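Keep in mind the model is a prediction, meaning the values are calculated, not measured.
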Amino acid sequence: MNRSIYLVSFICIFATTILNAQEHQTAGNEGMIPRRRALVLDIDARVLENDQVVASYDTQRKITIPGTPVSIQLVGSNLVVAVQFTPFIRRNGNVLVAQMQIGINNPDHSVSYFTSIQTIPMEFNEPILFFPLGQGTTSNASSIEITLTVNPHRININNDD
């Protein structure tokens, strides 16, 4: 019993010391942007087959922190697309890493599977157009269109709704 009291006391003192050190470290940095500031990704995606929208991922607002992926999945009648977008904030330019996995049922009843990763330069509030299957040139080809924007997350402190 005494050991558990000492252990709990030690953990409380250790946690208090760490919190005080963090407060002291950030006290002189008012106005500085934290490194791990939350980001908002606005994502609008749709799957087109024969110029018809067969699956739509309505505009969604996803909140993440730099280096943490946001996932979406699109399912059509003959394809499945899973995409992860991971924003990175860097001094020499922000980037968005797009990681894709695509499965397509072919007319000959075979399945094609593709995977890729791309690094895309990005600016805040700049729309990024992303075509995982490329831009289709024939009207009967399947195509996917994803539009996303990345912005810093802003907290509305006012209670004016």
Task: Val111: partners by side chain to side chain contact (heavy atoms under 4.5 Å, CB included), with sequence neighbours left out - done: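 Counting only residues at least two positions away or on another chain, Val111 forms a side chain to side chain contact (heavy atoms under 4.5 Å, CB included) with Asn105.
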- [ ] May I ask you to check whether Asp44 and Thr147 show a side-chain donor-acceptor distance below 3.5 Å?
- [x]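 No.
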Open item on the list: Regarding Thr115 and Gln101, do their side chains bring together a donor and an acceptor under 3.5 Å, going by distance alone?
Closed with: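 The answer is no; no qualifying pair exists.
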TODO: Supply the atom-to-atom distance Asp42 CG to Lys62 NZ, rounded to the nearest 0.5 angstrom.
DONE: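 Reported to 0.5 Å precision, the distance equals 11.5 Å.
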Task: Inter-residue atom distance Asn106.CG - Ser112.OG, 0.5 Å rounding - done: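 Rounded to the nearest 0.5 Å, the CG-OG separation comes to 3.5 Å.
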Task: Residue among Val40, Leu41, Ile89 satisfying side chain to side chain contact (heavy atoms under 4.5 Å, CB included) with Val150 - done: Leu41
Return the minimal non-hydrogen interatomic distance between [X] and [Y], and the atom names on each side.
X      : Y      : answer
Thr86  : Pro69  : OG1-CB, 3.2 Å
Met122 : Phe88  : CE-O, 4.3 Å
Pro127 : Thr149 : CA-CG2, 3.4 Å
Phe130 : Ala98  : CZ-CB, 3.6 Å

Open item on the list: Apply side-chain contact (heavy atoms from CB on, under 4.5 Å) to residues Glu145 and Phe131 and explain how you reach the verdict.
Closed with: CA-CA 5 Å; Glu145 301 173 357; Phe131 299 93; 3.7 Å; yes
Linked, directly or transitively: [X] and [Y] (ILVMFWY side chains, under 4.5 Å):
X      : Y      : value
Val97  : Ile72  : no
Ile120 : Ile102 : yes
Ile146 : Phe114 : yes
Tyr113 : Val81  : no

TODO: Look at the side chain of Asn151 and the backbone N and O of Asn125, then say whether any donor-acceptor pair between them is shorter than 3.5 Å.
DONE: yes
Task: Side-chain (Asp108) to main-chain (Ser110) donor-acceptor, under 3.5 angstrom - done: yes
May I ask you to test the [X]-[Y] pair for a side-chain heavy-atom distance under 4.5 Å?
X      : Y      : answer
Asn94  : Pro87  : no
Leu39  : Ile65  : no
Ile43  : Val70  : yes
Met100 : Gln84  : no
Phe85  : Leu148 : yes

